[in-house]
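As structure tokens, the structure follows; a few thoughts come after it.
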Amino acid sequence: MKFIVSTLLFCSVLLTSSLCYADITPLITQEQFLKSQQSSNKQSSNISIIDVRSVEEFNDGHIPGAINIPHNQIQDHLELLLTLQRQPVVVYCRSGRRAAIAEKAMAELGLKDVHHLEGDWLSWQEKSLPVSTKHERITTK
């Protein structure tokens with residue numbers, strides 16, 4: 001009986017903690033992001049994508065056009081982030097944990113149109129979507 005109660009308690013904690021992170025920012029699928037990126041090129045409206053992985057991970061490959069701001073350096077890039085307040089921002093990391101941390105920090109800075117890339121980098125790679133290794137847009141110090 002004690003085992004069953006412990007198991008139920010553990011499961012409820014896992015369920016509620018994942019729901020808390022899910023409410024931080026809305027998800028955008030890779031397909032939705034690619035479509036919005038294509039339409040933004042035609043309409044000249046900006047959609048920024050921010051890769052919050054480490055510089056080394058970013059240099060190994062990232063989504064084309066991504067800006068690299070490691071999740072633990074969000075506060076260091078306040079000036080850049082404030083310029084993005086009036087446009088949609090998509091955030092991703094390797095699997096989602098660091099992106100959730102960065103999204104929370106961005107919300108605290110006042111960014112309102114922030115989306116989380118569903119599946120993050122792992123899913124992007126699994127689907128063989130475009131990858132870049134160009135380093136001209138790295139913004140980390």
Side-chain angles (χ1 to χ4, degrees), residues 2-141:
K2 193 175 184 180
F3 175 75
I4 293 171
V5 171
S6 296
T7 303
L8 288 173
L9 181 61
F10 178 73
C11 289
S12 67
V13 168
L14 282 179
L15 180 61
T16 57
S17 66
S18 65
L19 289 175
C20 291
Y21 280 113
D23 289 340
I24 293 175
T25 54
L27 291 176
I28 183 170
T29 66
Q30 288 93 357
E31 293 78 15
Q32 289 170 322
F33 171 72
L34 288 169
K35 283 182 187 176
S36 65
Q37 204 176 35
Q38 291 169 350
S39 68
S40 73
N41 288 338
K42 294 176 186 173
Q43 299 171 0
S44 74
S45 102
N46 292 326
I47 297 172
S48 295
I49 184 149
I50 299 178
D51 182 327
V52 297
R53 298 176 300 150
S54 70
V55 173
E56 295 79 20
E57 290 172 295
F58 182 83
N59 289 344
D60 286 341
H62 54 271
I63 295 173
I67 299 168
N68 182 226
I69 303 176
H71 78 286
N72 58 354
Q73 296 179 15
I74 295 296
Q75 294 291 332
D76 297 340
H77 297 280
L78 182 59
E79 189 175 322
L80 170 66
L81 290 169
L82 291 177
T83 67
L84 304 178
Q85 278 186 317
R86 292 188 170 94
Q87 64 190 64
V89 174
V90 177
V91 179
Y92 75 95
C93 65
R94 182 180 169 276
S95 63
R97 184 187 62 79
R98 291 175 283 180
I101 294 167
E103 291 158 5
K104 184 175 187 281
M106 289 178 195
E108 290 170 359
L109 293 172
L111 274 78
K112 296 185 183 351
D113 198 2
V114 178
H115 303 271
H116 184 104
L117 185 65
E118 186 177 51
D120 295 279
W121 179 246
L122 291 176
S123 180
W124 189 271
Q125 286 184 302
E126 285 175 11
K127 293 181 179 183
S128 299
L129 295 172
V131 173
S132 176
T133 54
K134 293 181 181 176
H135 307 296
E136 71 274 3
R137 293 197 64 194
I138 295 175
T139 62
T140 57
K141 293 179 181 178

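Heavy-atom basis, side chains included; hydrogens, waters and symmetry copies ignored.
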> If every non-hydrogen atom of G61 is compared with every non-hydrogen atom of V131, which pair is closest and at what distance?
Replying inline: CA-CG1, 3.9 Å
> Of all heavy-atom pairs between P64 and I49, which one has the smallest distance, and what is that distance?
Replying inline: O-CG2, 4.4 Å
> Going from CG on N59 to CG on N68, what distance comes out if it is rounded to the nearest 0.5 angstrom?
Replying inline: 7.0 Å
>> When you compare the side chain of M106 with that of L84, does any pair of heavy atoms fall below 4.5 Å?
In response: no
> Going from CD on Q125 to CZ on R94, what distance comes out if it is rounded to the nearest 0.5 angstrom?
Replying inline: 9.0 Å
> Between atom CD of Q30 and atom NZ of K35, what is the distance when rounded to the nearest 0.5 Å?
Replying inline: 13.0 Å
> So among R98, H116, H62, which one has a side chain to side chain contact (heavy atoms under 4.5 Å, CB included) with Y92?
Replying inline: H62
>> To check you understand the geometry: which heavy-atom pair defines the closest contact between D60 and T133, and what is its length?
In response: O-CG2, 3.9 Å
> Could you walk me through whether S123 and E118 pass the side-chain hydrogen bond (donor to acceptor under 3.5 Å, both in side chains) check?
Replying inline: CA-CA 8 Å; S123 180; E118 186 177 51; over 6 Å; no
>> Using the side-chain contact (heavy atoms from CB on, under 4.5 Å) criterion, which residues pair with D113? Sequence neighbours excluded.
In response: P88, H115
> Closest heavy-atom contact between P26 and V114?
Replying inline: CD-O, 3.3 Å
> Got a second to check how far K127's NZ is from T29's OG1, nearest 0.5 Å?
Replying inline: 7.0 Å
> Considering all heavy atoms of both residues, which atom of L80 and which atom of I69 are nearest to each other, and what is their separation?
Replying inline: CD2-CD1, 3.6 Å
>> Testing the basics here: between A99 and V91, what is the closest heavy-atom pair and its distance to 0.1 Å?
In response: CB-CG1, 3.9 Å
> Going from CD1 on I28 to CD1 on I47, what distance comes out if it is rounded to the nearest 0.5 angstrom?
Replying inline: 6.5 Å
> If you measure from CG on D51 to CG on D120, what distance do you get to the nearest 0.5 Å?
Replying inline: 9.5 Å
